[in-house]
Amino acid sequence: MLRRTIGTVRRVLVLVSVLLVAAAGASSAVSAPGKLHVVLKGQSHHPVVGKTWSYSVTVTNAAGKPVASKIHLQMLLAGMSVVGEVGVHVVKNGVWKETIVAHGPDAFPLTAVGQPLVLQATVTAKGYATAKARWPIVVKK
């Protein structure tokens, strides 16, 4: 009788162990964030002071489907330090397009001419890991 009880306890312990391993694997698969694919494209790598310049940001998932997201755009000097906040935009269709105006406070300043700048998009979306894309530019006169 004792052998039968020990055998039953062993089978129960093995079954519980298998269930715990399966549950741990399932929970890690559910909690792992998805990957975003971010494409940042500018009109050129050489915007000209006094002329409009356009760019776009496209956000998709691994399957290529658009992802609703928040896109934070910044201008970096030499790709390292932030020199300007371009804006934060929430998109439902995974696409943001914008034109930087030719004149006014939101235009490229004359002081930007010749500087190694980078337009950076930092993208966040529910259920996904944060992703970034960069577009290097050098403003021309």
Side-chain angles (χ1 to χ4, degrees), residues 2-141:
L2 184 57
R3 279 188 177 167
R4 196 180 306 174
T5 304
I6 291 173
T8 302
V9 169
R10 282 185 186 156
R11 282 193 297 276
V12 169
L13 287 175
V14 168
L15 180 61
V16 168
S17 297
V18 168
L19 291 174
L20 287 174
V21 168
S27 67
S28 67
V30 171
S31 64
K35 289 187 177 182
L36 291 173
H37 181 68
V38 181
V39 176
L40 172 59
K41 289 184 181 178
Q43 179 179 327
S44 71
H45 289 284
H46 302 286
V48 178
V49 170
K51 296 198 177 190
T52 60
W53 184 77
S54 301
Y55 68 91
S56 65
V57 181
T58 305
V59 183
T60 56
N61 62 16
K65 305 267 187 203
V67 176
S69 54
K70 182 169 75 170
I71 302 169
H72 181 196
L73 292 146
Q74 296 175 302
M75 197 64 71
L76 310 177
L77 178 62
M80 298 181 70
S81 59
V82 176
V83 292
E85 293 290 333
V86 179
V88 176
H89 310 283
V90 176
V91 296
K92 292 183 180 181
N93 64 352
V95 176
W96 175 255
K97 293 181 180 183
E98 185 171 36
T99 298
I100 295 179
V101 297
H103 303 287
D106 294 330
F108 285 106
L110 198 53
T111 56
V113 172
Q115 299 298 321
L117 300 172
V118 174
L119 178 61
Q120 175 177 277
T122 303
V123 180
T124 55
K126 188 173 184 174
Y128 293 90
T130 299
K132 293 183 181 189
R134 293 177 163 197
W135 186 265
I137 62 173
V138 176
V139 180
K140 301 284 183 180
K141 190 169 181 181

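Hydrogens, waters and symmetry mates play no part in the numbers below; they use all other heavy atoms, side chains included. Heads up: numbering here begins at 1 and tracks the sequence.
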Nearest 0.5 Å, please: how far is [atom2] in [Y] from [atom1] in [X]?
| X | Y | atom1 | atom2 | value |
| --- | --- | --- | --- | --- |
| Trp135 | Leu40 | CH2 | CG | 7.5 Å |
| Ser81 | Met75 | OG | CE | 12.5 Å |
| Leu119 | Leu73 | CG | CG | 5.5 Å |
| Gln43 | Ile100 | CD | CD1 | 10.0 Å |

- Task: Identify the two heavy atoms, one from Leu36 and one from Ala131, that lie closest to each other, and give their separation to 0.1 Å.
- Result: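 Smallest heavy-atom distance, with atoms named: CB-CB, 3.9 Å.
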
- Contact summary for Ala102 and Ala107, nearest pair of heavy atoms: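 Taking Ala102 first and Ala107 second, the nearest heavy atoms are O-CB, 3.4 Å.
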
- Task: Would you list the pairs meeting ring pair (Phe, Tyr, Trp, His ring centres under 6.0 Å) in which at least one residue belongs to residues 101-132, sequence neighbours left out?
- Result: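 Only Trp53-Phe108 qualify under ring pair (Phe, Tyr, Trp, His ring centres under 6.0 Å).
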
- Item | Validation row: Leu117, Leu76 side chains within 4.5 angstrom (heavy atoms) |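 No. Closest side-chain heavy atoms not under 4.5 Å.
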
- Are any non-hydrogen side-chain atoms of Val38 and Val57 less than 4.5 angstrom apart?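 When only atoms from C-beta onward are counted, Val57 and Val38 do touch, with a gap below 4.5 Å.
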
Using atom types as modelled, flag every donor-acceptor pair under 3.5 Å from a side chain in residues 85-99 to any protein atom, sequence neighbours excluded.
{"unit_1": "Glu85", "atom_1": "OE1", "unit_2": "His72", "atom_2": "NE2", "d": "2.6"}
{"unit_1": "Glu85", "atom_1": "OE2", "unit_2": "Gln74", "atom_2": "NE2", "d": "2.9"}
{"unit_1": "Asn93", "atom_1": "OD1", "unit_2": "Val95", "atom_2": "N", "d": "3.1"}
{"unit_1": "Glu98", "atom_1": "OE1", "unit_2": "Tyr55", "atom_2": "OH", "d": "2.2"}
{"unit_1": "Thr99", "atom_1": "OG1", "unit_2": "Ser54", "atom_2": "OG", "d": "2.9"}

Kindly list each side-chain donor-acceptor pair under 3.5 angstrom involving residues 120-127, sequence neighbours excluded, with atom names and distances?
{"unit_1": "Gln120", "atom_1": "OE1", "unit_2": "Arg134", "atom_2": "NE", "d": "2.7"}
{"unit_1": "Gln120", "atom_1": "OE1", "unit_2": "Arg134", "atom_2": "NH2", "d": "2.8"}

For residues 61-71, run the donor-acceptor check on the side chains, cut-off 3.5 Å, and write out each pair with its distance to 0.1 Å, sequence neighbours left out.
{"unit_1": "Asn61", "atom_1": "OD1", "unit_2": "Ala63", "atom_2": "N", "d": "2.9"}
{"unit_1": "Asn61", "atom_1": "OD1", "unit_2": "Gly64", "atom_2": "N", "d": "3.0"}
{"unit_1": "Asn61", "atom_1": "OD1", "unit_2": "Lys65", "atom_2": "N", "d": "2.9"}
{"unit_1": "Ser69", "atom_1": "OG", "unit_2": "Val67", "atom_2": "O", "d": "3.4"}

- Message: Val113: which residues meet the side-chain contact (heavy atoms from CB on, under 4.5 Å) condition with it, sequence neighbours left out?
- Response: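 Scan of Val113 (side-chain contact (heavy atoms from CB on, under 4.5 Å), adjacent residues dropped) gives Val49, Leu110, Val139, Lys141.
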
- For His37, all residues meeting ring pair (Phe, Tyr, Trp, His ring centres under 6.0 Å), sequence neighbours excluded: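 So His37 forms no ring pair (Phe, Tyr, Trp, His ring centres under 6.0 Å) with any residue.
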
- Determine which pairs satisfy side chain to side chain donor-acceptor pair (under 3.5 Å) with at least one residue from residues 106-119, sequence neighbours left out, and list them in order.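 The answer is none; no pair qualifies.
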
